[in-house]
Amino acid sequence: MGVKSVWFAFYYIWFMFVLVFVTDLVFCRTLSLDPDPCDSMNQREFEKLRSDQLTVLINGYSESRIPLLQTIVASYSAASVVSSILVLWGNPNTPDQVLDQLYHNMTQYSPGTASISLIQQSSSSLNARFLPRSSVDTRAVLVCDDDVEVDRRSLEFAFSVWKSNPDRLVGTFVRSHGFDLQGKEWIYTVHPDKYSILLTKFMLMKQDYLFEYSCKGGVEMKEMRMIVDQMRNCEDILMNFVAADMLRAGPIMVGAERVRDWGDARNEQEEEQVDEGVRDVGLSSRRVEHRKRRGKCIREFHRVMGKMPLMYSYGKVVNSVGEQGLCRKAGNLVFCDRG
Ligand SMILES: *[C@@H]1O[C@H](CO)[C@@H](O)[C@H](O)[C@H]1NC(C)=O
């Protein structure tokens, strides 16, 4: 073997090493999107997917919430029902360096066995959180925000409720649509005893709905996804429209023992706890604005669909102990029922 071929072999090995090693790093951290998330090959057969565990899809956007995001990821990663966690980073302006560190920290300091990936979304569209992903190999996905931590037992309980009702949306934070008789229009509201909209603070569902939301429904769905982009809001409401329209049933609310809610980065107005009841009196003007915007989404979706698919559900499923939410009172987090 001549000197040339030794060098050639050397370079070849080095090249392969770089290729494998570097691409591996890139894929761990900022997984690029699947070429076509709506390729029909990507619609996974429900029966072939894992049923004993779920995949967590957490939306991250705000750099100031990164420590919180890490806490939530660490907490979910320790739950035996969690197979993997995908952190969907929706802020295109976050420096790579920060994301590298975030990824490092998340994988370093998460105690559990769940696999963790950090995915830089290719756009800041809110619809992107619902894109089907080929790496999701479980029937159930938990869609959640970076501001709410639900304790492990409640997560396991919610998962068991979902397993008995795999077509329903299952979660903890609910709102309602309603019809305002005076204004003669659909509105976004809270009813004390019924609900029709599950928030993405904590939303368990079958992964098929990701496909339904992102890929199906023809021009109507496309128009409604555009409304989400224009409003920069309401992707959660649209998911409720999609599921209710297919199912002719509303979501299921499950109680959680301990919920820590730090408030939505986009909608600070959503901070209140689930069982607030209807108290329109004294609502802050920002909260009123927020409800108006959400009401507009409901009217727009109704217009495009030509019907109102949202259905009311009543009551919540509790795991004996009942709910002990944490509420913010005078700047402190306290159990809501002791407020
Ligand atoms: C990662 O962890 C280090 C050490 O705890 C901390 O200083 C840093 O701010 C963290 N960075 C990110 C992006 O999470």
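First listed ligand is number 1; within each ligand, the first listed atom is number 1. From a predicted model like this one, the values you see are computed outputs, not experimental measurements. Note that these values count all heavy atoms, side chains included, but never hydrogens, waters or copies made by symmetry. The first residue of the sequence shown is numbered 1, and numbering continues consecutively from there.
Within a 4.0 Å radius of atom 4 (C) of ligand 1, the protein contributes no non-hydrogen atoms. The presence of a protein heavy atom under 4.0 Å from atom 7 (O) of ligand 1 is ruled out.
Per-residue contacts place Ile66 under 4.0 angstrom from the following atoms of ligand 1 (heavy atoms of the residue considered): 14 (O). Shown in contact with Leu102 at under 4.0 Å from a heavy atom are these atoms of ligand 1, numbered in order with element: 13 (C), 14 (O). Set against the non-hydrogen atoms of Val98, the atoms of ligand 1 under 4.0 Å away are 13 (C).
When non-hydrogen atoms are compared, ligand 1 lies under 4.0 Å from the side chain of Gln70 (C-beta onward) but not from its backbone.
Geometrically, ligand 1 and Asn105 share a nitrogen or oxygen pair separated by less than 3.5 Å.
Comment: Asp167 does not engage Arg248 in a salt bridge, judged by the lack of any side-chain N to carboxylate O separation of less than 4.0 angstrom. Under 4.0 Å is where a charged nitrogen must lie from a carboxylate oxygen, and between Arg153 and Asp151 no such pair does.
Between Phe301 and Phe241, the ring planes are perpendicular. Angles over 60° get that label, and only those under 30° would be called parallel. In this structure, Trp162 and Phe159 have parallel ring planes: the angle between them is below the 30° cut-off, well short of the 60° mark.
Arg293 and Cys234 get closest at one heavy-atom pair: O-SG, 4.3 Å.
Considering only non-hydrogen protein atoms, atom 11 (N) of ligand 1 sits nearest to Gln101 OE1, 2.8 Å.
Atom-to-atom distance recorded for His177:NE2 and His302:NE2 is 9.0 Å, nearest 0.5 angstrom.
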